[in-house]
Undergrad: 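To start, I am sharing the structure in question, which I have written as structure tokens.
None of these values were measured; they are calculated from a predicted model.
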Amino acid sequence: MSRYTDAIIAWYDANARDLPWRADDATPWGVLVSEIMLQQTPVARVLPVWHAWLERWPTPAALAAEPSGEAVRAWGRLGYPRRALRLHESARAIVDRHGGEVPSSHADLLALPGIGSYTAAAVASFAFGQRHAVLDTNVRRVLSRLVSGEEYPPKAPTKAETRLAESLVPAAAPTAARWAVAVMELGALVCTARSPRCADCPVLDGCRWHRDGRPAHTGPPRRAQTYAGTDRQCRGRLLAVLRDADGPVGKPALDVVWSDAVQRERALDALVADGLVDPLDDGRYALPGG
DNA sequence: GAATCGTGGTT
DNA sequence: TAACCAAGATT
């Protein structure tokens, strides 16, 4: 238990957003779906898709009964559509291996496709009230500033960060679960990446970064995430054609969305290899029917 | 460890 | 306006 815990939990109780996957009637499945959708994707864009998804597929079994292409289509423009494919695979694994109930153990969650250490800990904590260190980008940033005095954490999570996060987890599981969601929310609403609202911070007095005068990030630039002209953009265009079509489409319908034929073929092949696109025997293409 | 994988809002 | 960034996982 750290000196931050009580203050951050109290702040959360007064300032938490009213998100549907935090509601009392949210199911573990709803929490799991939210966590997958929220990977690298802002809350505002997830909300409408999450509602539609849970209404259509209120249980893992409901999703497992459909072809994977339906999941890809319902994913819409959330991005990283392989997540939709893996969520669908997870639904079938949950039916096959866990009787249709989202497993509660960290190890069982981690074994599901598309679920890594963060998501496994998040679901175990948020849906089942367990005690885990939940270390996402928000928490990494908060701890980096609060404890290390650095504006940003390292590019990739380190063992030191994991140890630090684990050292701060309250002993009692229910408190640990509240801490996990609270410190994440603090990072999302106050200790933000670009313009942190330090005036609203409940642990400003204990923040090393603030005490040191909020020194700017030193070291290499954090990212140079270009997108225009990349294979990713090309893949997005191709898949959008299939998502927006009622059924299979011919090759010409795909060809028109990207002029560079070499890149286009490479991207299409990759989509097929990923299982996001089915090449049909008649030469047309469709969302996966499995 | 580094590269790859979408999309759109914010600054 | 180009750059940054958003509850990561996989290879």
Undergrad: Return the 5'-most residue of the pair A:G79, A:S195 with respect to DNA chain B, ranking by each residue's nearest nucleotide.
TA: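 Result of the comparison: A:G79.
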Undergrad: Counting only side-chain heavy atoms from C-beta out, which of B:dT7, B:dG9, C:dA7 sits nearest to A:R194?
TA: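 Output: B:dG9.
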Undergrad: Of the candidate nucleotides C:dA9, B:dG6, C:dG8, which contains the atom at the shortest distance from the side chain of A:S117?
TA: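 Output: C:dA9.
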Undergrad: When you check the gap from the basic side-chain N to the acidic O, do A:K251 and A:D255 get nearer than 4.0 Å?
TA: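 A salt bridge links A:K251 with A:D255.
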Undergrad: For A:R140, report the nucleic acid contact type (base, sugar-phosphate, nothing); a contact means any heavy atom under 4.0 Å.
TA: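 Result for A:R140 = nothing.
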Undergrad: Can you name the side-chain contact (heavy atoms from CB on, under 4.5 Å) partners of A:V262, sequence neighbours left out?
TA: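 So A:V262 forms a side-chain contact (heavy atoms from CB on, under 4.5 Å) with A:D260, A:R266.
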Undergrad: Answer yes or no: does atom CD of A:E265 have more than 12 heavy-atom neighbours from other residues, nucleotides or ligands under 6.0 Å?
TA: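 Above 12, so yes.
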Undergrad: Which part of the nucleic acid, if any, lies within reach of A:W75 when heavy atoms closer than 4.0 Å are counted: base, sugar-phosphate only, or nothing?
TA: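 Nothing: the residue A:W75, judged by heavy atoms under 4.0 Å, touches no strand.
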Undergrad: Given atom CD of A:Q39 and atom C1' of C:dA6, what is their separation to the nearest angstrom?
TA: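 Value for this atom pair: 12 Å.
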Undergrad: Is A:I115 touching bases, backbone alone, or none of the nucleic acid, heavy atoms closer than 4.0 Å?
TA: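 Touches sugar-phosphate only.
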Undergrad: Have a look at A:R45 and say if it touches a base, only the backbone sugar-phosphate, or nothing, with a 4.0 Å heavy-atom cut-off.
TA: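 A:R45: base contact, heavy atoms under 4.0 Å.
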Undergrad: Identify which nucleotide among C:dC5, B:dG8, C:dA7 has an atom closest to any side-chain atom of A:M184, counting heavy atoms from C-beta outward.
TA: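 Between C:dC5, B:dG8, C:dA7, the one nearest the side chain of A:M184 would be C:dA7.
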Undergrad: Are the charged groups of A:E89 and A:R86 less than 4.0 angstrom apart, N to O?
TA: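 Looking at A:E89 and A:R86, the cut-off is not met.
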Undergrad: Within the structure shown, what part of the strands sits under 4.0 Å from A:T137 by heavy-atom distance: base, sugar-phosphate, or nothing?
TA: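 It contacts sugar-phosphate atoms only.
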Undergrad: Do NZ/NE/NH1/NH2 and the carboxylate oxygens of A:R22 and A:E185 come within less than 4.0 Å?
TA: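 Salt bridge flag = yes for A:E185 with A:R22.
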Undergrad: Give me the atom names and distance for the closest heavy-atom approach of A:N138 to A:M184.
TA: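 A:N138 and A:M184 have their closest heavy atoms at CB-O, 3.6 Å.
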Undergrad: Report the residue (A:G187 or A:L112) whose heavy-atom-nearest nucleotide on DNA chain C is the more 5′ of the two.
TA: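 The residue closer to the strand's 5' end, by nearest nucleotide, is A:G187.
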Undergrad: Provide, to the nearest angstrom, the distance between the CG atom belonging to A:L85 and the C1' atom belonging to C:dT10.
TA: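 These atoms are roughly 13 Å apart.
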Undergrad: What is the distance from OH of A:Y80 to C1' of B:dT7, rounded to the nearest Å?
TA: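 Taking OH of A:Y80 and C1' of B:dT7, I get 9 Å after rounding.
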Undergrad: Side chain of A:P81 only, please: which of C:dG8, B:dG6, C:dA7 is the nearest?
TA: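 Nearest listed nucleotide: B:dG6.
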Undergrad: Should A:V43 and A:L32 be regarded as members of a common hydrophobic cluster, given that ILVMFWY residues are connected when their side-chain heavy atoms come within less than 4.5 Å of each other, either directly or indirectly?
TA: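 Looking at the clustering, A:L32 is in the same group as A:V43.
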Undergrad: Distance check needed: B:dG6 C1' versus A:R83 CZ, whole Å only.
TA: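 Rounding to the nearest Å, CZ of A:R83 and C1' of B:dG6 are 8 Å apart.
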Undergrad: Quick one: is A:R82 getting a side-chain N or O under 4.0 Å of the C:dA9 phosphate, OP1 or OP2?
TA: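 Indeed not, no polar side-chain atom of A:R82 lies that close.
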Undergrad: Within the pair A:T230 and B:dG6, is there a side-chain N or O less than 4.0 Å away from OP1 or OP2?
TA: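 Checking B:dG6 against A:T230, no side-chain N or O comes under 4.0 Å of OP1 or OP2.
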Undergrad: Take atom CG of A:D274 and atom C1' of B:dC5, then tell me their distance rounded to the nearest Å.
TA: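 Rounded to whole Å, this separation is 8 Å.
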Undergrad: With P as the reference atom in both, quote the distance from C:dA7 to B:dT4 in angstrom, rounded to an integer.
TA: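 Going atom to atom, P in each nucleotide, I get 24 Å.
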Undergrad: For A:L110 and C:dA9, what is the distance between atoms CG and P respectively, to the nearest whole Å?
TA: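 Distance, rounded to whole Å: 9 Å.
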Undergrad: Checking contacts here: which listed nucleotide (B:dG6, C:dA6, C:dT10) is nearest the side-chain heavy atoms of A:R86?
TA: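 The answer is C:dT10, which lies nearest to the side chain.
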Undergrad: Are OP1 or OP2 of B:dG8 and a side-chain N or O of A:R232 less than 4.0 angstrom apart?
TA: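 The answer is no; no side-chain N or O of A:R232 sits under 4.0 Å from OP1 or OP2.
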Undergrad: Take the protein atom NE2 of A:H132 and the nucleotide atom P of C:dA7, then report the distance between them rounded to whole Å.
TA: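 For the pair A:H132 NE2 and C:dA7 P, the rounded distance is 21 Å.
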Undergrad: Closest to the A:Y227 side chain: B:dT7, C:dA7, B:dC5?
TA: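 Between B:dT7, C:dA7, B:dC5, the one nearest the side chain of A:Y227 would be B:dT7.
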Undergrad: Where each residue is assigned the nucleotide of DNA chain C containing its nearest heavy atom, which of A:P113 and A:W21 is assigned the position nearer the 5′ end?
TA: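 Nearest-nucleotide comparison on DNA chain C picks A:W21.
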Undergrad: Just how far, in rounded Å, is C1' of B:dC5 from CD of A:Q40?
TA: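 In whole Å, B:dC5 C1' and A:Q40 CD are 10 Å from each other.
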Undergrad: What interatomic distance, in whole Å, is found between P of B:dG8 and the corresponding atom of C:dA9?
TA: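 C:dA9 and B:dG8 have their P atoms separated by 23 Å.
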